[in-house]
Amino acid sequence: MLSPVAGCSALPPNSGTKPQNTPNRRRHFISLLQNCKHNNQIPPIHAKIIRNHHHQDPFVVFELLRVCSNLNSIGYASKIFSHTQNPNVYLYTALIDGLVLSCYYTDGIHLYYQMINSSLVPDSYAVTSVLKACGCRLALKEGREVHSQVLKLGLSSNRSIRIKLIELYGKCGAFDDARQVFDEMPERDVVCWTAMIDGLVRNGESNRALEVFRNMQREDVMPNEVTIVCVLSACSELGALQLGRWVHSYMDKHGIELNHFVGGALINMYSRCGDIDEAQRVFEQMKEKNVITYNSIALLSACKIHGNLELAERVAKSLVACKNADSGTYILLSNAYSSSGKWKEAAEVRTNMREEGIEKEPGCSSIEVNNEIHEFLLGDLRHPQKEKIYKKLEELNQILRLEGYTPATEVVLHDIEKSEKEWALAIHSERLAICYGLISTKPLTTIRVVKNLRVCNDCHLTIKLISNITMRKIVVRDRNRFHHFENGVCSCGDYW
Ligand code: ZN
Ligand code: ZN
């Protein structure tokens with residue numbers, strides 16, 4: 001985050017209604033804002049600021065935007081910004097930063113362009129934020145544009161910007177570009193190395209990721225937690241149990257704490273490599289009971305895949321008992337029951353979930369077409385091109401049926417009719433996003449979809465087939481990982 005001092009040093013003189021006793025009042029409001037602990041304290045202070053005609057004072061507005069962003073009131077910050085006359089680059093940057101921190105990446109990118117179009121020159125803070133947004137949105141085209149601005153503005157030696165560029169290119173699978181930025185860095189610390197490894201792992205390039213990791217060790221750079229997680233993930237992918245064990249012992253030797261982050265990765269690695277006993281041992285060793293959910297979900301997934309229903313039950317029950325179950329836990333357990341035909345138990349889990357007041361987060365997929373993000377929910381009918389999208393969906397379903405594909409209806413709730421079950425699967429949000437991508441982009445263009453939840457088994461299988469039928473590369477980033485579908489196979493090897 002841009003520091004208020006750095007931001008203030010070059011602010012233009014205040015315009016608009018002249019507030020009284022400016023420096024003292026300004027200091028007063030800034031200190032009031034800095035002492036805010038909760039977002040409900042902001043509106044009354046804001047009202048006071050308006051009454052004292054300080055609402056166009058860039059110093060005060062800067063602090064307002066910063067405090068709103070930190071206290072999770074990004075909507076309020078946007079409103080304040082929209083009422084600010086001729087916002088300067090610091091105010092733009094404060095809001096861009098806030099939007100990105102609150103995961104409103106597309107809005108952050110739009111605001112950055114709005115700033116450029118107002119002939120303001122972005123500084124390194126704005127560039128760092130927007131590059132992060134481009135990385136999270138996989139907006140490679142915009143990211144490249146920002147990169148060329150970086151070169152023109154002479155910001156290319158900035159370390160944070162370089163790291164964000166490596167992350168952006170890595171996430172988007174543009175490894176040559178990532179490599180070039182990486183090679184040009186005068187000093188490569190663990191963060192740079194990890195950014196490279198992470199990009200490769202996310203895109204299923206596990207062998208290359210491990211090669212980079214070995215080079216990193218040759219240069220005597222100590223891995224951090226994030227590196228360890230990335231390497232474990234590559235091991236899972238390759239089924240490289242021996243290397244995974246080596247990383248585990250490396251962690252023990254160097255006193256790397258078994259927190260939920262690293263623990264989850266270890267559990268995942270052991271589960272995937274088929275060593276469920278070791279996965280369970282790590283699970284039981286974990287101290288952080290409050291954030292246990294993530295690990296258990298990894299273990300639950302493994303139990304489901306390896307058909308270990310008994311262990312799945314035990315893990316899920318311990319989670320429910322310590323009030324740590326979220327919707328994902330319940331759904332995984334319920335699906336584990338459904339797929340072994342235990343409908344009664346599956347229904348009970350769903351009932352418990354409702355009784356505990358845990359809502360299922362709605363699935364939402366987005367796709368970027370012609371610089372615009374299109375979002376789809378389950379069975380979404382809001383899109384202006386909905387007729388064409390559903391027509392494409394039906395067309396694909398027919399081809400799939402002709403190819404002998406049968407939907408995996410057991411993942412859907414059991415209390416609906418079979419044809420309805422098929423329909424419920426067919427309208428999962430990622431399929432709508434993919435169909436929109438198919439009708440709105442040129443043949444052979446790669447389709448990139450981002451989904452907030454895990455892709456279900458049936459969609460995963462269907463997307464593999466769609467990639468084959470349409471001869472398209474389809475990249476789906478779900479809650480857990482990236483899936484690169486091509487010629488009927490997925491980079492995850494059907495484990496996710
Ligand atoms: Zn699905
Ligand atoms: Zn996959």
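When a ligand or atom number is given, it counts from 1 through the structure's own listing order. Note that these values count all heavy atoms, side chains included, but never hydrogens, waters or copies made by symmetry.
Here the rule is side-chain contact (heavy atoms from CB on, under 4.5 Å) with Leu266, and of Gln285, Met251, Arg281, Glu278 only Met251 fits it.
Of the possible donor and acceptor atoms, none in the side chain of Ser366 sits under 3.5 Å from a partner among the backbone N and O of Glu375.
Sorting the N, O or S atoms of His483 by how far they are from the Zn ion (ligand 2) puts ND1 first. Looking at His428, its N, O or S atom nearest to the Zn ion (ligand 1) turns out to be ND1.
One of the N, O or S atoms belonging to Cys456 lies under 2.8 Å away from the Zn ion (ligand 1).
At a threshold of 4.5 Å between non-hydrogen side-chain atoms, the residues Leu111 and Val130 do not count as touching.
Of the N and O atoms on the side chains of Glu225 and Asn259, at least one donor lies less than 3.5 Å from an acceptor on the other residue.
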